[in-house]
Amino acid sequence: MAFLLFGGADAVAQNFQGKAYYLSKSTIEFGRWGATLSEERKKEIKQRLKNRLEKNYILTFNIEESTFDEEERLDAVSGATDSWGKNFTPGTSYKNIKTNTVLQDQEFYGKKFLIADQLLKLEWNITDESKKIGDYFCMKALALVPSDSIAWYDFSWDKLRSNSNAEASDTEAIELTQVEAWYTPQIPVSHGPLEYSGLPGLILEVSANNTTMLCYKIVLSTDDQTKIKKPGKGEIVKKSEYQNIVMSKMAEMRDMYRGRR
């Protein structure tokens, strides 16, 4: 896939605000269940889940602030939006590098939440590896972070079972995930997709677990200041509080289902 990035080094010398467009691609893990499925069936499932596995996002940024939001699209099979999947996907996210804060809209079963917390803490290790993404020279950086802190808005029944098992155990090991990022010093802002930030340049590509986000277009603005709109609706909670609310609700749903059997 060819990615065209607009605005080269000459354009970014004076303009450090604009929009970056990302394509997110995730792979599906079938696990032991997949051993019983034919390749044709797996292909069919992937096609039906395409609107969850492939998404487009826009990062709007200036020197200190940014917002990150999904470009919503219709389901290729049914022609409808993915209402169930929206319960477990990131809402509009606002980052402020100067104040080290994040605000994020989340909706779970029709109830709106506003997550107000600190930015994800990342201890980046900048390597000597480099490559070009579009017109931009990029450097590679790595970080190890607790897995639960990467996609704190994402939940599954497997995650609920793991959480229940961890609560029953005397010891709980912290699972870590390696994050790989490619940033360009040609655009010296410390922003990136989702909560990824803190590098001396805009993050154009980032991979963690089974998901990779790649920037395919940058539009730099000549305005004095790109306008950044903060999300501001919903019950204000921290990330950990939101996780507890969702997990409790899912446990309640699970118990109701078991009671009907």
Side-chain angles (χ1 to χ4, degrees), residues 17 19-22 24 26 51-62 64-75 80-122 145-160 162-164 190-198 203 206 208-209 211 213 225-256:
Q17 58 270 332
K19 294 180 183 290
Y21 296 78
Y22 295 83
S24 172
S26 300
N51 67 324
R52 296 192 195 181
L53 300 175
E54 295 184 13
K55 294 178 178 290
N56 290 84
Y57 294 90
I58 301 175
L59 176 72
T60 304
F61 63 89
N62 58 39
E64 294 182 355
E65 302 171 289
S66 69
T67 56
F68 188 71
D69 201 8
E70 181 183 350
E71 285 188 289
E72 189 170 303
R73 63 180 181 179
L74 296 181
D75 187 297
T81 56
D82 183 10
S83 57
W84 168 255
K86 283 178 70 67
N87 286 308
F88 309 111
T89 55
T92 299
S93 177
Y94 164 85
K95 296 197 296 280
N96 189 308
I97 300 299
K98 185 176 181 180
T99 61
N100 192 42
T101 55
V102 59
L103 295 173
Q104 187 160 313
D105 278 335
Q106 289 298 131
E107 184 173 335
F108 183 69
Y109 271 84
K111 183 171 182 178
K112 295 184 180 296
F113 295 89
L114 179 64
I115 283 70
D117 216 319
Q118 293 187 327
L119 289 174
L120 176 63
K121 186 177 181 180
L122 293 156
V145 296
S147 301
D148 281 348
S149 67
I150 295 178
W152 52 265
Y153 46 80
D154 188 18
F155 299 87
S156 66
W157 298 112
D158 284 339
K159 189 172 183 178
L160 179 63
S162 297
N163 186 67
S164 299
S190 295
H191 297 296
L194 294 174
E195 283 192 67
Y196 300 115
S197 62
I203 297 173
V206 63
N209 292 323
T211 299
M213 286 191 164
Q225 188 79 1
T226 297
K227 293 183 178 179
I228 305 294
K229 185 178 179 181
K230 298 181 183 179
K233 295 182 179 180
E235 179 183 342
I236 299 176
V237 294
K238 291 185 177 295
K239 298 172 192 173
S240 58
E241 293 172 326
Y242 180 74
Q243 287 179 317
N244 289 336
I245 290 169
V246 175
M247 295 295 273
S248 295
K249 183 62 177 178
M250 291 182 67
E252 180 185 324
M253 294 170 58
R254 176 199 59 194
D255 294 341
M256 287 178 60

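Quick note: numbers below take in every heavy atom, side chains included, and nothing from hydrogens, waters or symmetry partners. No experiment lies behind these values; they were computed from the predicted model shown.
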So which atom in [X] and which in [Y] form the shortest heavy-atom distance, rounded to 0.1 Å?
X      : Y      : answer
Phe61  : Ala20  : CE2-N, 4.1 Å
Leu120 : Ser149 : CD1-OG, 3.4 Å
Ile203 : Ser197 : CD1-N, 4.1 Å
Gly91  : Gln106 : N-OE1, 2.7 Å

Hey, is [X] close enough to [Y] for a salt bridge, meaning N to O under 4.0 Å?
X      : Y      : value
Glu235 : Lys111 : yes
Glu195 : Lys239 : yes
Lys238 : Glu241 : no

Next on the checklist: When you measure from the side chain of Lys95 to the backbone of Asn100, do you find a donor-acceptor pair of N or O atoms at a distance under 3.5 Å?
Outcome noted: no
Measuring from [X]:[atom1] to [Y]:[atom2], what's the distance to the nearest 0.5 Å?
X      : Y      : atom1 : atom2 : answer
Ser66  : Gln17  : OG    : CD    : 13.0 Å
Leu122 : Ile150 : CG    : CD1   : 8.5 Å
Tyr196 : Leu59  : OH    : CG    : 14.0 Å
Glu70  : Ile58  : CD    : CD1   : 10.5 Å
Lys233 : Lys112 : NZ    : NZ    : 7.5 Å
Thr211 : Glu54  : OG1   : CD    : 11.5 Å

Side chains of [X] and [Y], heavy atoms from C-beta outward: is any pair under 4.5 Å?
X      : Y      : result
Ser24  : Tyr57  : yes
Asp105 : Leu114 : yes
Ile97  : Leu119 : yes
Gln118 : Thr101 : no
Tyr21  : Asn56  : no
Val102 : Ser93  : yes

Item to check | Asn244/Tyr242 under side-chain hydrogen bond (donor to acceptor under 3.5 Å, both in side chains): CA gap, chis, key distance, verdict | outcome: CA-CA 5 Å; Asn244 289 336; Tyr242 180 74; over 6 Å; no
Next on the checklist: The test is side chain to side chain contact (heavy atoms under 4.5 Å, CB included); show your working for Trp152 and Ile115 and say whether it passes.
Outcome noted: CA-CA 11 Å; Trp152 52 265; Ile115 283 70; 3.7 Å; yes
Next on the checklist: Do Tyr94 and Glu65 pair up side chain to side chain, a donor and an acceptor below 3.5 Å, judged on atom types alone?
Outcome noted: yes
Next on the checklist: I'd like to know if the side chain of Asp69 pairs up with that of Thr92 as donor and acceptor (distance under 3.5 Å, no hydrogens or angles considered).
Outcome noted: yes
Item to check | Option passing side-chain contact (heavy atoms from CB on, under 4.5 Å) with Phe113 (candidates Ile245, Ile236, Val246) | outcome: Ile245
